[in-house]
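Below: the structure, in structure tokens.
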Amino acid sequence: MQQHTEESPLLDSEAPAISTADPEILKHDLLYQRFTPTQKRMIVALISWAAVIPFLASGSFIPSIPEIARELGSSGPIISLAVSLSLITASAGSLLWATYSGSYGRRTIFLVSLPCLCIGSAGVALSYSVPILMFWRVVQAFGASSGMSVGAGAIGDIYRLEERGSAMGIFFGASLFGPAIAPLCGGFATHYFSWRLAQWALFVMGLFALVPVFLFLPETLDPEKLRRWGATEEHKRPVLLNPFKSLGLLRSPNILVITLAGTTTLVTDFVLMIPLAYTIGKQYNISNEALIGAFFLPAGLGNIIGAPLAGRLSDRVVVAWRKRRGGVWVPEDRLRASLWGAGFLVPMSVLLSGLTTQFVPGTPGIVLNLVWLFMNGIGVDVVLSPSSSYYVDILHSRSAETMAASGSFRALIIACITAGILPLINAIGVAATGAVFAGIAWVGYGLILLTIKYGDRMRAWVDVGYSTVRDN
């Protein structure tokens with residue numbers, strides 16, 4: 001494999017060996033012209049809505065755990081196992097859906113996975129024993145797990161390089177609003193009605209995603225890659241694919257390092273959110289589940305603002321640096337848009353929130369914490385949105401699988417870390433815990449800088465089938 005430097009990149013639009021009349025380039029131009037701008041916006045809206053629901057399913061369940069444990073005659077730790085089970089299921093399910101979406105299409109996968117979500121949600125709502133609850137939570141998580149990876153793959157199918165970041169930012173901003181409103185919705189339903197109401201709401205939302213997808217979502221996958229069921233004698237036979245093969249993409253140092261950087265960023269969100277009732281709630285004497293859930297809203301507002309902002313900024317950075325180099329495009333340029341989030345917003349928000357919670361009492365402490373939560377919401381998306389576009393840029397043909405592999409790996413790490421957050425807070429205090437995770441976030445910032453500087457050499461270490469200018 002040819003080794004590239006920052007002045008000799010992986011994708012070089014000015015390379016003399018590649019002409020704009022190259023049939024492969026013309027083919028990809030035609031693929032991006034299949035849909036009008038209005039149709040593309042509709043596609044982004046539909047897949048964003050489908051991606052919101054998984055976060056609603058997981059986030060709305062957490063505030064309900066004490067009430068579910070009481071009603072089913074169990075304990076909080078036992079019911080909390082449903083969260084771990086659903087997280088593991090979502091990781092495996094994401095790999096499966098992403099792998100098959102590269103053969104059978106994005107639309108087909110949504111039409112298969114969303115009914116699983118609806119059936120699982122109804123099953124959870126009707127559960128009257130712990131084992132049945134666990135089973136239906138697994139079904140629910142499996143159906144919900146297609147949203148992020150398959151949705152990101154669809155964006156890679158329809159948007160050019162210079163437009164991809166903005167579209168991915170809108171997709172992330174919309175989908176990540178789910179984690180912000182889910183605890184409020186779940187807490188409100190549990191406190192004033194019943195935890196089962198939240199599950200029936202997820203059933204209805206799943207239907208409201210399934211019907212528009214069935215009626216309006218076109219297939220975005222390259223027609224040459226699409227297996228049409230029964231179209232040929234070969235296509236009448238189902239194909240068995242190994243979903244865990246996608247994890248092999250993590251052999252790429254670029255994918256692995258950026259995934260680790262994203263993990264150090266996203267874990268700060270969990271550090272702030274998961275123990276909220278035991279940190280902000282305890283410090284400021286707030287016990288109402290709905291009010292605790294309302295503290296998640298500033299982070300959601302930050303998501304809505306941060307992701308589209310970061311996406312548009314990453315596109316501008318790509319164009320600006322390409323122009324600066326006389327037309328030469330370096331994939332890692334997109335990551336420059338994430339530096340201000342990774343180096344300042346994310347670590348400072350978790351550090352300042354810990355200090356504020358421990359040392360600033362009363363209303364000023366509450367107001368400042370709302371500011372830090374908003375700051376963290378912006379910062380997390382400023383890091384994750386360009387990173388996701390970067391995955392699509394360097395592995396365009398396997399974009400959904402790359403997103404799934406990265407997301408699954410990140411989820412498993414975060415699942416392990418979150419189990420120790422409350423014990424750590426109890427042992428060293430909320431301020432010291434914030435400082436520890438701020439330090440971890442700064443390590444992630446260093447990893448992004450490392451990739452920007454040495455990304456070309458890192459790609460040369462392991463070739464996992466990186467994209468070129470001819471197929472991106």
Side chains of Ser314 and Ser389, donor plus acceptor under 3.5 Å:
no
Find the distance between OG (Ser149) and CH2 (Trp97) and round it off to the nearest 0.5 Å.
10.5 Å
Pro253 versus Trp461, closest heavy-atom pair with distance:
CG-CE3, 3.6 Å
Please step through ring-ring contact (aromatic ring centres under 6.0 Å, His included) for the pair Trp49 and Phe208, ending with a clear verdict.
CA-CA 9 Å; Trp49 175 238; Phe208 272 104; 7.9 Å; no
Keeping the roles fixed (side chain from Arg107, backbone from Val213), state whether a donor-acceptor pair exists under 3.5 Å.
yes
Approximate separation, where rounding is to 0.5 Å, of Ile378 CD1 and Asp381 CG:
9.0 Å
Can you check whether Ser146 reaches Phe110 side chain to side chain, under 4.5 Å on heavy atoms?
yes
Minimum side-chain heavy-atom gap Trp321-Val330 below 4.5 Å:
no
Do the charged groups of Asp393 and Arg334 touch, with an N to O distance under 4.0 Å?
yes
If I compare all heavy atoms of Val138 with all of Thr89, which pair ends up nearest, and what's the gap?
O-CG2, 3.4 Å
Do Cys118 and Gln140 come within less than 4.5 Å of each other through their side chains, counting heavy atoms only?
no
Answer whether the closest heavy-atom distance between the side chains of Thr36 and Gln39 falls below 4.5 Å.
yes
Ignoring hydrogens and angles, tell me if any N or O in the side chain of Ser101 forms a donor-acceptor pair with the backbone of Ala98 under 3.5 Å.
yes
Can you tell me how far apart OG1 (Thr259) and CE (Met403) are? Round to the nearest 0.5 Å.
9.5 Å
Using 4.0 Å as the upper bound for N to carboxylate O, is an ion pair formed by Arg34 and Asp157?
no
Please walk me through it: do Thr268 and Leu272 pass side chain to side chain contact (heavy atoms under 4.5 Å, CB included)?
CA-CA 6 Å; Thr268 64; Leu272 291 175; 5.6 Å; no
Please determine which of Leu256, Val462, Asn254, Thr402 meets the side chain to side chain contact (heavy atoms under 4.5 Å, CB included) test together with Leu249.
Thr402
Donor-acceptor contact below 3.5 Å, side chain Lys40 vs main chain Tyr159
no
Can a salt bridge be assigned to the pair Arg312 and Asp315 using a cut-off of 4.0 Å between side-chain N and carboxylate O?
no
Tell me, with the steps shown, if Phe344 and Met375 meet side chain to side chain contact (heavy atoms under 4.5 Å, CB included).
CA-CA 10 Å; Phe344 178 74; Met375 181 175 167; 3.8 Å; yes
Can you check ring-ring contact (aromatic ring centres under 6.0 Å, His included) on Phe203 and Trp200, steps first, answer last?
CA-CA 5 Å; Phe203 171 80; Trp200 283 118; 5.8 Å; yes
Intermediate values then yes/no, side chain to side chain contact (heavy atoms under 4.5 Å, CB included), Ile440 and Phe437:
CA-CA 5 Å; Ile440 292 173; Phe437 283 96; 3.8 Å; yes
Start with the C-alpha gap between Leu126 and Trp136, add the side-chain angles, then the distance that decides, and say whether side chain to side chain contact (heavy atoms under 4.5 Å, CB included) holds.
CA-CA 9 Å; Leu126 295 171; Trp136 287 117; over 6 Å; no
Does the side chain of Val380 reach to within under 4.5 Å of the side chain of Leu345, using non-hydrogen atoms?
no
Measure across Thr264 and Ala261 and return the closest heavy-atom pair with its distance rounded to 0.1 Å.
OG1-O, 2.7 Å
List the atom of Gly143, the atom of Cys116, and the distance in Å for their closest heavy-atom pair.
CA-CB, 3.6 Å
Residue of the set Leu95, Ile109, Thr108 for which side chain to side chain contact (heavy atoms under 4.5 Å, CB included) holds with Tyr100
Ile109
CG of Asn303 to CG of Leu384, rounded to nearest 0.5 Å, is 9.0 Å
Which value, rounded to the nearest 0.5 Å, describes the distance between Thr220 atom OG1 and Ile47 atom CD1?
7.5 Å
Sidechain N-carboxylate O distance under 4.0 Å for Arg459, Glu332:
yes
Is the side chain of Ser338 donor-acceptor paired with the backbone N or O of Leu335 at a distance under 3.5 Å, no angle test?
yes
Just so I know, are the side chains of Ile258 and Leu447 near enough to count as touching, which here means a heavy-atom distance under 4.5 Å?
no
Contact between Arg336 and Asp333 at the side-chain level, heavy atoms closer than 4.5 Å - yes or no?
yes
May I ask you to decide if Ser91's main-chain N or O and Ser408's side chain share a donor-acceptor pair within less than 3.5 Å?
yes
Are the side chains of Val383 and Tyr445 in contact, using a 4.5 Å heavy-atom criterion?
no
Nearest heavy-atom pair of Ser127 and Ile132: which atoms, and what distance?
OG-CG2, 3.6 Å
Taking all heavy atoms of Leu250 and all of Ala405, pick out the closest pair and write down the distance.
CD1-O, 4.1 Å
Looking at Gly248, is its backbone amide N or carbonyl O close enough to the side chain of Arg251 to form a donor-acceptor pair, meaning the two atoms are under 3.5 Å apart?
yes
Residue pair Arg196 / Gln199, side-chain donor-acceptor N/O under 3.5 Å:
no
From CD1 (Ile158) to CD1 (Ile43), nearest 0.5 Å
4.0 Å
